[in-house]
Asks: 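Take a look at the following structure, please.
The figures that follow rest on heavy atoms only: side chains count, while hydrogens, waters and symmetry mates do not. Quick caveat: nothing in here was measured; it's all calculated off a predicted structure. Each chain gets a letter, A, B and so on, in the order the sequences are listed, and its residues count up from 1.
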Amino acid sequence: MKIDCTIDGKALSLSINSNKPLSLILEEDIQNSSLNSHCNGQMCGFCTVLMNGKAVLSCLIPAFEIRGKSIITFEGYAKTKNAKDIEKAYDLTHLKPCPSCYNSRTLIIESLLSNNLTAKEDIIREMEMLKCHCLEFNDMVRIVQAASEIRRKRHARRA
Amino acid sequence: MLEGLRSPNIHTPVNLSEFSSIIQHYPTSTYWAGGTYIMSRSDYYPSNTTNDEIIFLGSIEELHRFQRNDRIAEFGSMVSLYDLIYTGRSILPKILIENIQDIGGNIVTARMTLGGSLCTREFRSSLCGTLSLFDASCEVKYMKKKRMHSKWFPMISIYDKSGKLNLPDKALISRIRVNLMERNYQRFIRKGDFFLDQENSVSIAITGNPEQDNFNDARIAITYPNKGFISNHDLDNIFSSARFPLDQDESKSIEDAILSAVSAIFPSLSKLQKTRTRGIIKEIISDLNINALTTASFDEAKTNI
Ligand SMILES: Cc1cc2nc3c(=O)[nH]c(=O)nc-3n(C[C@H](O)[C@H](O)[C@H](O)COP(=O)(O)OP(=O)(O)OC[C@H]3O[C@@H](n4cnc5c(N)ncnc54)[C@H](O)[C@@H]3O)c2cc1C
């Protein structure tokens, strides 16, 4: 099946099986190295990407659903200004995710920030999904709230 | 593309009449809702057994509708669990919201649909039990003599006595209706990982109206993900005929009665499932005991004044 989509800002036309999971497309067809796992939908959370700005588990997205969509992986996201807000929040709070979950956790934080979900319960519920215990829930709340403040200030300066 | 692996044809009807003409042409198609269950099967990809025809339900406009009045809320089967709690937060029973939040965060519940949650064949979602407490009903569309028919059924009747899905082949659930009943006591308790440790998990949803030593309008549903769910009047009566607070012996006899009712339907429950069921019942009884004692002392205080 021919599928047109945008991955990390690049318009692509892929010839792939219609039901192939996005996580495998990224690893095998795009050679993207920013995903850490392929758990076959057992929800380890390590294959998170942004699809049209929302965090999704790429192992639960079939090829036919990415048609016409914009996918951002950590590789593409890391170069953006938004990513810098979150990096600053890690520095400011002296809290940093471990290398295994860093990419996915950062993208989940981005999804929380861009959807204005910064209440403690929302943060915890989203973060609970990642099967990695390198950070305490309260620490994650601190990171997200710091990142939200950094972003708010940046937008205020720009305005 | 992988050599020798077929790439299924994806049909994306945009309305129900298009859907019915596609299903007539391709009667063995697989229905695809959020795909979370389908894609989490260990043999999902690569696989030589994948169906050649997939009907993606996500573009069918009618299946995304939501409407309500004072007594009922009605959802299209493609409404996601995330949308269900965000559009329905102010009207839906608290226990339903708690159940969905228990299933996962927004990232996954935004993909899972109401229809998909009811129609997984080898897995029973905790949602089925909870919905049954509110006399949920489903609109089922099915082909008969080359024509699409449609009929509302009580949700409980699309499952057999042991909670296994019992829909006619290729039937489509198009709408789900929930009665909006007021219940003062609502609790959802799950033990074990429903998806990753199905053998050992259980969830119980219970609602009712505690009044002094009675537990009126008791409704209870017990779900075992690898088996099915049970929700019936006999089970409800065990609770509604009890007088609270219960002492230890009375409490134990309720636990025993419930365990024997569930074991009669699910004889192969694991030891941990039984222990966990008993533990949850204990927790609920303790809740209802506290409730009975506090209302009793409140009533006493009122008469003393
Ligand atoms: C990682 C993970 C964790 C989970 N944890 C939990 C949990 O804690 N508790 C819990 O209860 N559940 C849990 N689940 C299961 C979850 O409830 C189901 O995967 C989900 O509800 C299925 O919905 P879907 O829209 O993705 O369905 P799909 O995967 O698209 O479909 C599921 C089945 O239903 C059929 N179908 C879909 N829609 C219809 C329709 N309208 N009419 C007829 N047939 C239809 C499909 O053909 C398929 O056979 C978990 C799942 C995953 C992947």
Asks: With rounding to the nearest 0.5 angstrom, report the CD1 to CG distance, A/Ile108 to B/Asn106.
Replies: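 Those atoms lie 11.0 Å apart.
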Asks: Would A/Ile61 and B/Arg111 count as a side-chain contact (heavy atoms from CB on, under 4.5 Å) here? Give the steps.
Replies: CA-CA 9 Å; A/Ile61 306 290; B/Arg111 308 265 331 148; 3.4 Å; yes
Asks: Among residues 63-76 of chain A, which residues come closer than 4.5 Å to chain B, judged by heavy atom distances?
Replies: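 Within residues 63-76 of chain A, the residues under 4.5 Å from chain B are A/Phe64, A/Glu65.
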Asks: Please round to the nearest 0.5 Å and tell me the distance separating atom OG of B/Ser7 and atom CD1 of A/Ile3.
Replies: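 Result: 7.5 Å between the selected atoms.
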Asks: Which of the residues B/Val108, B/Thr12, B/Thr109 is involved in the greatest number of heavy-atom pairs with chain A at under 4.5 angstrom?
Replies: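 Most heavy-atom pairs under 4.5 Å with chain A: B/Val108.
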Asks: Excluding sequence neighbours, so at least two apart, what forms salt bridge (Lys or Arg N to Asp or Glu O under 4.0 Å) with A/Lys2?
Replies: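 Salt bridge (Lys or Arg N to Asp or Glu O under 4.0 Å) list for A/Lys2, sorted by chain: A/Asp4.
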Asks: What residues of residues 115-122 of chain A sit under 4.5 Å from chain B when you count only heavy atoms?
Replies: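 From residues 115-122 of chain A, the residues near chain B are A/Leu117, A/Asp122.
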Asks: How many angstroms lie between atom CD1 of B/Ile38 and atom CG of A/Leu60, to the nearest 0.5 angstrom?
Replies: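 Spacing of CD1 (B/Ile38) from CG (A/Leu60) equals 11.0 Å.
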Asks: Measuring from B/Ile54:CD1 to A/Asn19:CG, what's the distance to the nearest 0.5 Å?
Replies: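 That separation rounds to 5.5 Å.
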Asks: So for atom NZ, which belongs to A/Lys84, do other residues, nucleotides or ligands contribute more than 12 heavy atoms lying within a distance under 6.0 Å?
Replies: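 Yes, because the 6.0 Å sphere around NZ of A/Lys84 holds more than 12 heavy atoms from other groups.
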Asks: Might you confirm whether atom NE2 of B/His25 has over 12 heavy atoms from other residues, nucleotides or ligands at distances under 6.0 Å?
Replies: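 12 or below, so no.
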Asks: For B/Pro8, is there any backbone N or O sitting under 3.5 Å from a side-chain donor or acceptor partner on A/Ser18?
Replies: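 Confirmed, A/Ser18 side chain pairs with B/Pro8 backbone.
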Asks: Rounded to the nearest 0.5 Å, how far apart are OG1 of B/Thr36 and CE of A/Met43?
Replies: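 If I round to the nearest 0.5 Å, the distance is 9.5 Å.
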Asks: Show the nearest heavy-atom pair for residues A/Met1 and B/Ile10, with the distance to one decimal.
Replies: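 Closest pair (atom of A/Met1, atom of B/Ile10, distance): CE-CG1, 4.1 Å.
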Asks: At what distance, to the nearest 0.5 angstrom, does OH of B/Tyr45 lie from CG of A/Asn17?
Replies: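 Rounded to the nearest 0.5 Å, the OH-CG separation comes out at 3.5 Å.
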Asks: Report, in residue-number order, which members of residues 124-153 of chain A are under 4.5 Å from chain B by heavy-atom distance.
Replies: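 A/Arg125, A/Glu126, A/Met129, listed by number.
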Asks: Are side-chain heavy atoms of A/Pro62 and B/Phe56 found at a separation under 4.5 Å?
Replies: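 They are not in contact (no side-chain heavy atoms under 4.5 Å apart), so the answer is no.
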